[in-house]
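Here is the structure we will look at, set down as structure tokens.
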Amino acid sequence: MKKLILSLLASLSVISFPSGAQWYQHTFDTMGTRAHVEFFLDEKHQSTKRADLIIAAIIAEMNRLDEAMSPYKETSELSLLNRQAGLRAVAVSEELFSLLVTAEKISQMSAGAFDITYASIGYQYDYRKKIRPHKGFIAQALPAINYKSIKLNVKDNTVKFDNTDTKIDLGGIAKGYAIESCIKILQSEGIKHALMSAGGDTILLGDRNGRDWLVGIKHPRSEQKNAVHIPLKDEAISTSGDYERYFIEDGTRYHHIINPKTGDSARKVVSVSVIGKDATVVDALSTTAFVKGLKEGMALINSLPEYEAIIIDNQQRLHFSQGLQQ
Ligand code: AMP
Ligand code: MG
């Protein structure tokens, strides 16, 4: 069972209120990780049948996005792109195209620390089987990592890769997008209080029984502990950590966040959490700041007034962005 990066202090059980209002919750596996939804139905709208239908819609939405964006599914739109865009311009859905546009913006903003073409080498890592690419492969494949070789044509929503060896992967941004999409479904049902998470990405809609949600950021080296708790409402928070998918070989940790400049795992820090309203951007920024490390990563977040960060360095010290330093 894959652990949630963020564990919540608040009770996860279904809570009934004297008025009949109720919290509902469900946990399920999707997108190669664990997802969790919790929402509040007031006495007027409360019914188990209704809650079940909402949960079914959330599961369907997560699975739909997994079908479209998984690099492990041969039939996904993303896999099709990886097979064909090196050869010709490929028309993609509006949804995938707009996610590629967001990814491009973050790449530009981060001078390439965030780069979905990391996958040109990234696909050679298998963390469960402890497999990593050889130095020779990395040296030869490194030119295929370059977000600038993704050509996005807004006129017809087509995508072309300039380099035939280029591959992309949306693992650093898709979960943020997916939970945002699920929150929209909950809102369309009139829901005003909810939590939606997938792996290390969480959105808190409204508050929880009149109080902020208390979100725990996992201790990077101690599974049972949290490093810190943050009170939040109406925000998204995303944590990128080197403990999520990794193996250790000869004392070196090989994990799933790759420095696009080297094709090797990024090792300047061990955990980065980013907080802000836009879950897709928050997701991408946590991966970005992880690659950049403490100094540059924090400088980037401090230059963006709408986003905050908590970075845990290699000595397990906590660092807070300017807006969190009270
Ligand atoms: P997160 O847990 O959101 O930080 O995302 C980590 C995931 O992002 C990895 O599993 C990869 O799929 C993807 N990824 C790794 N390195 C990069 C990078 N430099 N730029 C963009 N995506 C990346
Ligand atoms: Mg991320």
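Counting starts at 1 for both ligands and their atoms, following the listed order. The first residue in the sequence is number 1, and the count goes up from there. Values below: every heavy atom of this structure, side chains too, minus hydrogens, waters and symmetry copies. All values derive from a computational prediction rather than experimental measurement.
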N/O separation below 3.5 Å, D201 to ligand 1:
no
Less than 4.0 angstrom from a charged side-chain N to a carboxylate O is my criterion; do R64 and E61 meet it?
yes
Between L41 and I54, is a side-chain contact (heavy atoms from CB on, under 4.5 Å) present by the stated rule, with each step listed?
CA-CA 11 Å; L41 295 183; I54 291 169; 4.3 Å; yes
Does the Lys NZ or Arg CZ of K167 fall within the cation-pi geometry relative to Y123 - under 6.0 Å from the ring centre and within 45° of the axis?
yes
Looking only at distances, please establish whether an N/O atom of ligand 1 is found under 3.5 Å from an N/O atom of T287.
yes
Which of the atoms of ligand 1 are close to D169, meaning less than 4.0 Å from one of its heavy atoms?
12 (O)
Find out whether the Lys NZ or Arg CZ of R132 is both under 6.0 angstrom from the six-membered ring centre of Y125 and within 45° of the ring's axis.
no
For P71, is the nearest heavy atom under 4.0 Å from an atom of ligand 1?
no
Numbering the atoms of ligand 1 from 1, which are under 4.0 Å from a heavy atom of D115?
18 (C), 20 (N), 21 (C)
Let me check your reading of the structure: within less than 2.8 Å of the Mg ion (ligand 2), is there an N/O/S atom from D201?
no
Using the six-membered ring wherever Trp is involved, compare the ring planes of F40 and W23 and label them parallel, tilted or perpendicular (cut-offs 30° and 60°).
tilted
Check: of Y125, Y118, Y123, Y127, min heavy-atom distance to atom 12 (O) of ligand 1 comes from Y118
With heavy atoms of I257 as the reference, note each atom of ligand 1 found under 4.0 Å away.
4 (O), 15 (C), 16 (N)
Taking atom NZ of K192 as the centre, does the number of heavy atoms from other residues, nucleotides or ligands within less than 6.0 Å exceed 12?
no
So, for F39 and H45, is the gap between ring centers shorter than 6.0 Å?
no
Honestly, is R267 close enough over Y254, meaning NZ or CZ under 6.0 Å from the six-membered ring centre and within 45° of the axis?
yes
Applying a heavy-atom cut-off of 4.0 Å, say which part of F114 lies close to ligand 1: side chain, backbone, both or neither.
both
Ligand 1 atoms nearer than 4.0 angstrom to some heavy atom of P260 are 19 (N)
Taking 4.0 angstrom as the limit and counting only heavy atoms of E244, give me the atoms of ligand 1 inside it, by number and element.
2 (O)
Ligand 1 versus S238, non-hydrogen atoms closer than 4.0 Å: side chain, backbone, both, neither?
neither
Do any N/O/S atoms of S238 come under 2.8 Å of the Mg ion (ligand 2)?
no
Proximity winner for atom 8 (O) of ligand 1, if only heavy atoms of S107, G172, S286, S240 are counted:
G172
The test is side chain to side chain donor-acceptor pair (under 3.5 Å); show your working for S76 and S79 and say whether it passes.
CA-CA 5 Å; S76 72; S79 294; 3.0 Å; yes
Quick check on contacts: which atoms of ligand 1 are under 4.0 angstrom from a heavy atom of G171?
5 (O), 7 (C), 8 (O), 12 (O), 13 (C)
So does D207 get a backbone contact from the side chain of H193, meaning a donor-acceptor N/O pair under 3.5 Å?
yes
